[in-house]
Amino acid sequence: MDFWSRLLAHTPLSSAASRKDFAKDPARRLHRFEKEYSQLLHAWRNSSNLAHDDEAAEHIEIRLQELTNLLNDESRRPLPHPCIAFAAAKQVYIPVTKIATSSFNEWIIKEAVLFFASLIESEEEAFVEKETFASSLTNLLVRITGANSIRLGADTEARVVELAFNITTKIRLDPGILTAWFKSQQNRRPDSKQLDYREKFAGRTQKQDFPLFYLLMDYIHHEGKIGDFARTGLLYIIEAASSSVLLEQWIVESDLSTLMATGLGALYSQLSRKLVIDHPPNELPPILAFSDYQHPKSNYEVVSSCSFQFQSHLDTFLSHLLFWQDVLNHCRSVEVKSTLLEHFQVIFLKQLLYPSLLESSDVDGGSSVAVLTYLRRILESLDHPDMVNLILHYLLGLPDIVGSVSSNTGDVVSAARKRKSLDLATMMASKGETAADPLLFNLVDLILACLRSQNNQTVYVTLQLVSVILKRHHRYAVITLLYTEGVLGDSNHRTFGAHQQEVEYLMSLAGSVGGQDNFDEIYDNILKDTLVRLENHPCSIKLVTPKTSTHNHKLPEVPDTLPGAPRDVRSHTLHPSDPLLNIVLDRLETFFLNPVDTNLALTEAIFDLAVCGFMHLEGWFMRSPLNYVYEEEDDSPPLPDPPLDPESQEYIEYKQMQSMQESRRRPRWVQSSLPRLLKILQKLCDQVAAYRETIPRFDDLLQQRREAFQIADCASQPLPLHPPRARTPISHSSATPSTERAGVFSDEGRNASRERPSGLEGFAQRILSELGTPTRSGSPRDRREAKRVPSERSTPVSFPSPDTPLYLPTTPQIGRSVSPGISSAPGGGPWDGGSRPDTFASQARAFQAIDQSILARKVGIPDIRSATAVGEKSVMGEPISLSFDRQRTAGGVSSADEKKAADEEEAKAEEGGGEDALLAPSEDGEQTDEDGSNGDGDGAGEPGTPTTATTTAAAADRSVSVSHVLTNAIVLQAFLFELASVVQVRAGLFDEVRFA
């Protein structure tokens with residue numbers, strides 16, 4: 001009819017201008033709003049059952065949508081707003097609630113939720129303050145999310161929770177709104193005396209008191225924005241408890257603490273009981289790809305750490321754990337916090353977390369790996385001091401200290417708090433189970449036992465846990481995990497001369513590993529990283545923060561509210577007999593046989609032991625000043641003539657100069673008096689020297705491995721437009737503890753070694769192939785230096801000219817002879833001499849196979865025995881001989897050209913002695929190079945001091961590939977740089993070097 005009436009009146013059916021005019025006119029807007037509302041009521045009253053009347057349901061949905069659009073459009077326009085006023089005066093929301101709850105139609109429910117959201121966001125007529133509005137909306141939310149309602153879709157459910165969150169936002173901004181949404185049914189009794197609010201509150205919590213609270217509680221475990229809205233909204237309600245004594249008491253006696261603790265326990269129980277640490281095959285880190293790493297096996301019972309399902313469960317558990325922390329951070333009520341923490345300890349710690357640690361084992365296939373990983377992730381995630389204190393205080397078996405906790409409402413513990421604690425104790429007693437006591441077996445016992453395990457993954461995750469405790473919660477480690485002793489004064493600090501000597505010693509050890517790179521720049525970056533780590537340590541703030549006592553400023557204290565928290569850390573040192581230290585050093589002795597990931601965690605744990613500013617390094621890391629032995633010569637300034645008056649200023653200055661000169665003296669380097677850590681580091685460097693003697697082309701392969709890591713790091717970055725900076729070679733021929741750092745990176749070393757070609761050309765294809773295939777077949781490019789003095793029977797190695805095509809790799813020249821077909825004449829190209837491309841390529845494949853055969857060979861720990869001669873070492877073990885059997889390569893059976901090239905090279909090697917001549921025994925039975933040197937590596941120990949190395953029986957039977965040794969050698973060198981940096985940075989940051 002509306003269509004025909006407009007047609008007869010010659011009125012346009014639709015016009016953009018008329019719609020705009022209609023929207024601008026408040027009277028016409030109100031008229032349309034009333035009309036839509038009337039049609040909504042008419043459709044609802046004429047339908048007997050909306051759940052089965054699709055036509056009526058669709059009509060109602062459209063009417064609700066129109067009402068919502070009108071409200072949204074009006075709220076964006078200037079006053080007046082008659083539609084919003086009409087909705088408030090006529091209480092339009094009451095029939096909307098009835099329609100939505102009786103429809104059992106998700107589309108109608110969704111439009112009703114949007115309608116209420118529009119009213120709340122209008123911020124007019126004070127809808128959220130009206131009890132009728134709160135009652136209608138609460139009824140809607142409870143009915144549509146209850147057990148008897150239809151199942152809502154994810155989008156509708158998200159809008160429901162978001163609507164509840166918007167209400168809590170209003171309550172947070174205006175706590176006076178709380179009275180409209182929270183009604184305690186037992187807050188007053190007619191016969192009650194004149195008592196305060198606390199004493200009037202009694203009885204159990206009822207859901208109808210605060211339905212909004214329980215609605216949010218039902219969604220806090222959800223993922224995505226639904227869980228985010230629910231958790232944040234609940235935080236706002238808990239935060240509002242500080243302004244309402246009645247709400248505070250209601251929360252204490254509510255099911256909040258119980259539901260949160262049991263929910264956290266349920267999420268923890270979903271985690272796999274057995275776990276193996278693994279990486280996706282296509283995302284294996286290069287440092288593991290270039291080692292003997294093997295993917296662990298997983299099955300239906302043993303879950304891999306990289307599986308999507310496990311990661312999802314772990315993320316959900318950690319997000320809920322962080323929600324616990326957020327609740328404690330937002331809660332200003334001590335009673336609510338105490339109730340939550342008590343339930344966290346009794347239900348989660350005592351009933352779930354500690355029993356899982358106690359029942360873990362290496363024998364059953366990964367349960368220790370699982371629980372230690374979960375504990376590490378928990379301690380990594382938490383920052384709240386009360387939660388950390390509760391976990392570590394209980395698991396470490398620290399004695400309980402009964403103390404008073406001040407309440408912000410006047411009482412120590414309210415009557416409701418006592419009743420809740422009693423209920424919790426009664427519930428636990430009714431189970432009839434006796435909880436295990438950490439006093440009998442605590443976390444320290446478990447850590448020490450797992451570090452002695454034969455399972456590498458157990459050792460790996462345990463070292464990670466130790467590092468987390470040392471880095472984030474060091475004050476707990478000082479009194480439990482570590483055997484420490486107090487240090488008074490600065491008399492135990494090392495002198496300036498000893499400090500220089502020890503830094504140079506560590507740098508010389510790093511230099512003994514060898515290699516060519518810009519080590520000056522590398523070490524500078526390590527120094528910067530070390531400085532940041534030391535400054536960020538939780539114990540460093542009192543040492544790093546400037547003195548502010550003159551301004552009456554106090555340093556921030558750890559805000560623990562629970563009794564029994566450890567006191568602040570004081571100056572201490574690690575006792576040399578500390579069990580943890582010695583177990584870690586036992587693992588360090590088998591460094592080259594350890595898995596690479598274990599070595600990374602091992603070096604990280606040792607570094608973290610030395611990071612704390614209150615931990616003195618002398619005694620367990622550096623030499624103790626009590627053991628300094630000086631030479632007899634006296635370098636002190638001469639006595640003045642005539643003698644000075646002891647009371648004069650000149651005498652005081654003379655004594656100061658004498659003291660400064662004394663501190664600059666370098667103690668005698670006695671190898672036997674070194675701490676065990678330094679002895680082991682020296683032995684590992686001696687083992688590198690032994691590997692250099694027994695493994696052909698060790699330096700070349702080591703440099704190739706180093707460049708492989710560099711290329712892998714920058715594989716996703718564009719190639720540089722400018723040539724790289726000149727690299728600084730580190731010589732491994734001779735280095736002593738007194739060698740200056742400038743000597744380690746000397747210009748003479750740069751000039752003595754020939755500049756190597758860039759690794760970006762020949763190694764790119766090899767990197768990609770090695771990372772993608774388990775056989776690591778590729779085309780290595782030779783960068784061999786002419787470092788040794790050539791013998792009479794050798795010929796200098798020929799490097800390619802700049803005109804050499806980049807796809808042609810250079811080849812190692814076995815026997816120091818020029819390969820046939822490659823001219824060594826100046827300016828000669830690679831095709832001079834009548835060579836053929838296929839011959840050159842086949843030679844490259846032949847030498848590639850030789851490299852791969854070397855990398856695949858198995859080696860053990862070399863036995864370094866003391867020698868009678870000064871500075872000599874006898875390297876026991878047969879050198880790896882080069883095999884020229886080219887009948888089969890990594891790519892299959894070699895071609896005729898490959899076999900011919902291999903035969904020619906074999907003949908050359910037999911004629912000139914080959915690489916075996918470089919490792920031939922000398923007359924005195926030692927392995928020597930061509931120049932007659934015994935290649936004893938760094939020689940960083942005191943001259944005349946024998947280096948002794950012994951290996952355990954287990955390590956003697958183990959072997960790893962040469963490729964594995966090369967990767968561990970690079971890890972060792974980086975570790976030595978880190979140790980030198982921590983000693984150097986601590987000296988300036990913590991002022992722990994004596995200059996007088």
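Worth saying up front: this structure is predicted, and the values here are computed from it rather than measured. Counting from 1, the numbers follow the sequence of the chain as shown.
For K98, the NZ atom counts as loosely surrounded, since its 6.0 Å shell holds 12 or fewer non-hydrogen atoms of other residues, nucleotides or ligands. Atom CD of Q270 is surrounded by more than 12 heavy atoms from other residues, nucleotides or ligands within 6.0 Å.
Taking all atoms of both residues into account, the shortest heavy-atom contact from S47 to D53 is OG-OD2, 3.3 Å. The two residues R29 and P82 have their closest heavy-atom pair at NH2-CD, 4.0 Å. Of all non-hydrogen atoms in L137 and I167, the two that sit nearest each other are CD2-CD1, 3.3 Å. Contact between F323 and M260 at its shortest, heavy atoms only, is CE2-CE, 3.6 Å. Heavy-atom minimum distance, P211 versus V142: CB-CG2, 3.8 Å. Looking at every heavy atom in both residues, T68 comes nearest to L114 through CG2-O, 3.8 Å.
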Could you go through K225 and E162, starting from their C-alpha distance and side-chain angles, then the distance that decides it, and tell me whether this counts as salt bridge (Lys or Arg N to Asp or Glu O under 4.0 Å)? CA-CA 9 Å; K225 62 180 181 179; E162 183 180 4; 5.7 Å; no

Report the C-alpha distance between V161 and T145 in whole Å, list the side-chain angles of each, state the deciding distance to 0.1 Å, and finish with yes or no for side chain to side chain contact (heavy atoms under 4.5 Å, CB included). CA-CA 10 Å; V161 181; T145 58; over 6 Å; no

Evaluate the side chain to side chain contact (heavy atoms under 4.5 Å, CB included) criterion for residues L50 and I99: first the C-alpha distance (whole Å), next the side-chain angles of each, then the deciding distance (0.1 Å), finally the verdict. CA-CA 9 Å; L50 287 177; I99 293 173; 4.2 Å; yes

Pair Q325, L322 - check side chain to side chain contact (heavy atoms under 4.5 Å, CB included), show working. CA-CA 5 Å; Q325 180 171 266; L322 292 177; 3.9 Å; yes

Could you walk me through whether Q91 and K130 pass the side chain to side chain contact (heavy atoms under 4.5 Å, CB included) check? CA-CA 11 Å; Q91 296 183 347; K130 297 179 180 179; over 6 Å; no

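The CG atom of L119 sits 4.5 Å away from the CZ atom of F115 when rounded to the nearest 0.5 Å. Taken from CD in E253 to OG1 in T339, the straight-line distance is 9.5 Å, to the nearest 0.5 Å. Atom CD of E157 sits about 9.5 Å away from atom CD of E106, to the nearest 0.5 Å. Put simply, CG on D326 and SG on C331 are 12.5 Å apart, with the number rounded to the nearest 0.5 Å. Distance check, rounded to the nearest 0.5 Å: CD1 of I108 to CD1 of I60 gives 5.0 Å. The distance from atom NE2 of H330 to atom CZ of R172, rounded to the nearest 0.5 Å, is 6.0 Å.
Side-chain contact between S102 and W44 is present, with at least one heavy-atom pair separated by less than 4.5 Å. Residues Q249 and E335 form a side-chain contact, since some pair of their non-hydrogen atoms from C-beta on lies under 4.5 Å apart. I144 places none of its side-chain heavy atoms less than 4.5 Å from the side chain of T156. The shortest distance between side-chain heavy atoms of K207 and D209 does not fall below 4.5 Å. Using a 4.5 Å heavy-atom threshold, the side chains of L212 and T138 count as separate. T373 places none of its side-chain heavy atoms less than 4.5 Å from the side chain of S305. Side-chain contact check for E34 versus F86: some heavy-atom pair is nearer than 4.5 Å. Counting heavy atoms from C-beta outward, I109 and I150 have side chains that approach closer than 4.5 Å.
Ionic pairing of D155 and R159 is present here: one or more N-O contacts between side-chain nitrogen and carboxylate oxygen are shorter than 4.0 angstrom.
Between the side chain of E74 and the main chain of I84, a donor-acceptor pair closer than 3.5 Å is present. Remark: side-chain polar atoms of S135 are not paired, donor with acceptor, to backbone N or O of E131 under 3.5 angstrom. For the pair S75 (side chain) and N72 (backbone), a donor-acceptor distance under 3.5 Å is present. H52 contributes no side-chain N or O that, together with a main-chain N or O of S48, makes up a donor-acceptor pair within less than 3.5 Å. Counting only distance, with no hydrogens or angles, the side chain of R77 and the backbone of P26 share no donor-acceptor pair below 3.5 Å. Using modelled atom types, no side-chain atom of R475 and backbone atom of D568 make a donor-acceptor pair closer than 3.5 Å. A donor-acceptor contact shorter than 3.5 Å links the side chain of S244 to the backbone of L247.
One side chain, H42 or N46, offers a donor N or O that lies under 3.5 Å from an acceptor on the other. A donor and an acceptor atom, one from each side chain of T132 and Y93, are located under 3.5 Å apart.
By the 6.0 Å and 45° rule, K350 does not stack over the aromatic ring of Y354.
A side-chain hydrogen bond (donor to acceptor under 3.5 Å, both in side chains) with E36 is found for one member of R63, H31, Q65 and no other, namely R63. The only option from H221, H313, H222 that meets the ring-ring contact (aromatic ring centres under 6.0 Å, His included) definition with H320 turns out to be H221.
Using bins of under 30°, 30° to 60° and over 60° for the plane-to-plane angle, the ring pair Y476/H473 lands in the perpendicular bin. Taking the six-membered ring for Trp and thresholds of 30 and 60 degrees, F213 and W250 have ring planes more than 60 degrees apart, a perpendicular arrangement. Between F317 and Y268, the ring planes are tilted. Angles from 30° to 60° get that label. Between F210 and F182, the ring planes are tilted. Angles from 30° to 60° get that label.
With sequence neighbours excluded, the residues forming a side-chain contact (heavy atoms from CB on, under 4.5 Å) with E223 are S312, T316, listed by chain and number.
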